[in-house]
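Taking it in order: structure first as structure tokens, then the write-up.
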There are 2 protein chains.
Amino acid sequence: MVKAVSLPAEVVIAGFHALSEPLRVKVVELLRENELCVCDLCAALEVAQSKLSFHLKTLKDAGLVRSRQEGRWIYYSLNLSQFVVLEQYLSEFRRYSPILPARSCSDED
Amino acid sequence: MVKAVSLPAEVVIAGFHALSEPLRVKVVELLRENELCVCDLCAALEVAQSKLSFHLKTLKDAGLVRSRQEGRWIYYSLNLSQFVVLEQYLSEFRRYSPILPARSCSDED
DNA sequence: TAAATCCATCAATTTATATTGATGGATTGT
DNA sequence: ACAATCCATCAATATAAATTGATGGATTTA
């Protein structure tokens, strides 16, 4: 049961990709507070249903959200463990560094 | 000097977008260990220089890397504080949750 | 000064993603 | 059974991102 060693983890890339689009980020920010059905999200975001459905699929394929059916509604909610995976991936960058990045006063580039 | 309140933070989206492409992820993983010049990266990744340059620009625009010139070389390094920004953005999703997602026994790496 | 190296940028093409409106499956209420 | 609601999927189009080869600026070496 050998686990492949750090190919730039597909699942991580899929996660970041899913979070690289403004509407999808709005979706997860809404879901942060409540489980919501698609029609709730459509109303809140004022977008067409098919458009939202498309983006929800991207989020779901990336493992960031789950869905559950109740009657004719499908409720979406966050899959927090996947957010943790991404968070931990990022945290490893810090671990390699001798010092935490100095917080520049004038942080211009 | 009013700071806009949580528009799905452009800088966060740009960061996730930058990390949503395999070659760019390989770049930051290499830079995690060492500051490197473009020609080092070209050699390590076996890609054309113009291609790499394009992706480095994406990473730089997202604030994830810095560059510094030394003679005719341009050295790239991580800007860890931006990684921390992304990490903290993700960590806020956890904060809303009543329970931390169960850590599955079988997904250690 | 001339040649070589390192790199960013440009324009043209290819490839990937997103948007739109339409269709149909599943569920519920009449 | 029929109509209405909720949703995913499809095909066509539009938009965005990546790749490629070429060009030129800046720096170093001969």
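Below, chains carry the letters A, B, ... as their sequence lines are ordered, and counting in each starts from 1.
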Strand contacts (DNA chain D) in residues 47-66 of chain A, 4.0 angstrom heavy-atom criterion: Gln49(A), Ser50(A), Ser53(A), Lys57(A)
Within a strict 4.5 Å, meaning less than it, do heavy atoms of the Ile13(A) and Glu10(A) side chains meet? no
Tell me, do Cys39(B) and Trp73(B) make a side-chain contact under 4.5 Å, heavy atoms counted? yes
Please report the interatomic distance CG(Leu78(B)) to CZ(Phe93(A)), rounded to the nearest 0.5 Å. 6.5 Å
Euclidean distance, atom NE2 of residue His17(A) to atom P of dA16(D) [Å, nearest integer]: 14 Å
With a 4.5 Å heavy-atom cut-off, do Val27(A) and His55(A) have their side chains touching? no
When all nucleic acid strands are considered with a 4.0 Å heavy-atom cut-off, which category describes Tyr76(A): base, sugar-phosphate, or nothing? sugar-phosphate
Atom CZ in Arg24(B), atom CG in Leu56(B): separation rounded to 0.5 Å? 10.0 Å
Mind listing the closest non-hydrogen atom pair of Lys51(B) and Leu23(B) along with its distance? CE-CD2, 4.0 Å
Would you say the side-chain atoms of Ser91(A) pair up with the backbone N or O of Gln88(A), donor to acceptor, closer than 3.5 Å? yes
Show me the donor-acceptor pairs within less than 3.5 Å that the side chains of residues 59-71 of chain A make with the rest of the protein, sequence neighbours left out.
unit_1: Lys60(A); atom_1: NZ; unit_2: Ser67(A); atom_2: OG; d: 2.7
unit_1: Asp61(A); atom_1: OD2; unit_2: Lys57(A); atom_2: NZ; d: 3.2
unit_1: Arg66(A); atom_1: NH2; unit_2: Asn79(A); atom_2: OD1; d: 3.1
unit_1: Arg68(A); atom_1: NE; unit_2: Glu35(A); atom_2: OE2; d: 2.8
unit_1: Arg68(A); atom_1: NH1; unit_2: Glu70(A); atom_2: OE1; d: 2.7
unit_1: Arg68(A); atom_1: NH2; unit_2: Glu35(A); atom_2: OE1; d: 2.8
unit_1: Arg68(A); atom_1: NH2; unit_2: Glu35(A); atom_2: OE2; d: 3.4
unit_1: Arg68(A); atom_1: NH2; unit_2: Glu70(A); atom_2: OE1; d: 3.3
unit_1: Gln69(A); atom_1: NE2; unit_2: Gly71(A); atom_2: O; d: 3.1

Given protein heavy atoms under 4.0 Å, the one-letter contact record of nucleotides 25-30 of chain D, with B base, S sugar-phosphate only and - none, is simply --SSS-
Separation of dA8(D) atom P from Leu41(A) atom CG, nearest Å, is 10 Å
